[in-house]
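The structure appears right after this line, and notes come after that.
A, B, ... follow the sequence lines: proteins, then strands. Residue 1 opens every chain. Just so you know, these numbers come straight off a predicted model, no measurement behind them.
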Amino acid sequence: MPELPEVETIKRDLEKVIAGKKITKVCVHNAAVIKEPSAAEFKKKLVGRTIKRVLRRAKVLILELSSGKALAVHLKMTGQLVYPGNSSKSRVSFYLDNGKSLDFNDQRIFGELRLVDDWKKLKFIRALGPEPFDITLEQFKEMLRLKKTKIKPLLLDQSFISGIGNLYAAECLFRSRIRPERPANSLSEKEAGLLLKEIKAVLKEAIHYGGSSIDDYVRVSGKPGSYAQYHKVYARQGKPCLVCKTRIHKITMGGRGTCFCPKCQK
DNA sequence: AATGGGACCTGCGCGC
DNA sequence: TGCGCGCAGGTCCCAT
């Protein structure tokens, strides 16, 4: 579930509490989440390193280390980074020079940790499309014009635009009053402009509220984000539209649940 | 190129 | 009460 706003929130939270701290010990409770190098190498190369700063690219967190290497963290659906950790649910615990730990929790073990020399060369980083906040209106119109595919799955395509997931795609389309099954190249210039504006606005608001605590997402402190109370369509199937009271529909697109208002969204 | 499905996982809520 | 099933979704991979 963590999408751009949740990962950005974690990035900001993390930077405040762990930048400048040294890793003194690494406990691996489930090696499956370590994708590279081997668990043994992973530990050896992390111990003694200082976390210099924390970056975000799309839904990926990057912890830059004093060795010049970087730890890339993808939370996928249920990953959490919690500090100080209590290790009860931890898959990997990073002990720091103040005696506290940063815990990587991940109920479903989909998350991925990678310790690499150059994170920008990672295959899944190279394949990412632009960050939503970097896209200009002219660029966005051109991006849409070239695509015949349905707009909702397209917003989830990380090589098209990076950082949006199922929840925010639904919210952005609702606020833009665009049906999820509309072909991308059928959007008028006005609709494209509105969609880009709403994408930026929704993501910005969600970051402001510390993300949406649906399922497992929590902030680094373990506390929830508070944006879920402002959701307008996501997971509201069967309930009245907050604008026109029409019953919110839910369909499946590309294997994903997709909620929309059949009256408001054209 | 676009689309659909399965795989990876676990916990939850539902129906019987 | 308890069991089994489907669903939740980020991303990759394969097939059509």
[X] has a side chain; which of [options] sits nearest to it?
{"X": "F124(A)", "options": "dC12(C), dG10(C), dG11(B)", "answer": "dC12(C)"}
{"X": "Y234(A)", "options": "dA8(C), dC13(C), dT10(B)", "answer": "dA8(C)"}
{"X": "I109(A)", "options": "dC13(C), dC9(B), dG10(C)", "answer": "dC9(B)"}
{"X": "T149(A)", "options": "dA2(B), dG10(C), dT3(B)", "answer": "dT3(B)"}
{"X": "K250(A)", "options": "dA8(C), dG11(B), dG10(C)", "answer": "dA8(C)"}
{"X": "K147(A)", "options": "dA2(B), dC12(C), dC9(B)", "answer": "dA2(B)"}

Using whole Å, report how far [atom1] of [X] lies from [atom2] of [N].
{"X": "Q107(A)", "N": "dC12(B)", "atom1": "CD", "atom2": "P", "result": "7 Å"}
{"X": "L146(A)", "N": "dA1(B)", "atom1": "CG", "atom2": "P", "result": "12 Å"}
{"X": "M77(A)", "N": "dA7(B)", "atom1": "CE", "atom2": "P", "result": "15 Å"}
{"X": "L154(A)", "N": "dA2(B)", "atom1": "CG", "atom2": "P", "result": "9 Å"}
{"X": "D157(A)", "N": "dA2(B)", "atom1": "CG", "atom2": "C1'", "result": "11 Å"}
{"X": "E3(A)", "N": "dA8(C)", "atom1": "CD", "atom2": "C1'", "result": "13 Å"}
{"X": "Y168(A)", "N": "dG10(C)", "atom1": "OH", "atom2": "P", "result": "11 Å"}
{"X": "Y217(A)", "N": "dT10(B)", "atom1": "OH", "atom2": "P", "result": "24 Å"}

Tell me whether the side-chain N/O atoms of K35(A) come closer than 4.0 Å to OP1 or OP2 in dC12(C).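 False: K35(A) side-chain N/O out of range (4.0 Å or more) of dC12(C) OP1/OP2.
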By nearest heavy atom, map A127(A) and T78(A) onto DNA chain C; which one lands nearer the 5' end?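 The residue whose closest nucleotide sits nearer the 5' end is T78(A).
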Would you give the length of the straight line joining atom CG of L154(A) to atom CZ of F160(A), rounded to the nearest 0.5 angstrom?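 So the CG of L154(A) and the CZ of F160(A) are separated by 4.0 Å.
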Give, for atom NZ of K223(A) and atom CG of D13(A), the distance between the pair rounded to the nearest 0.5 Å. 10.5 Å
NA contact type, G255(A), heavy-atom cut-off 4.0 Å: base, sugar-phosphate, or nothing? nothing
Taking dG5(B) as the reference, what is the distance to dG6(C) when you measure between their P atoms (whole Å, please)?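 After rounding to an integer number of Å, I get 15 Å for this pair.
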What's the shortest heavy-atom distance between G211(A) and T9(A), and which atoms?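 For G211(A) versus T9(A), the nearest heavy atoms are N-OG1, 3.8 Å.
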If you take all heavy atoms of C264(A) and F174(A), which pair is closest and at what distance? CB-CE1, 4.5 Å
Under a 3.5 Å limit for both distances, which nucleotide forms a Watson-Crick or G-U wobble pair with dT1(C), could you say?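 Paired with dT1(C), as far as the under-3.5 Å criterion goes, is no nucleotide at all.
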Residues D106(A), R91(A): salt bridge by 4.0 Å N-O rule: no
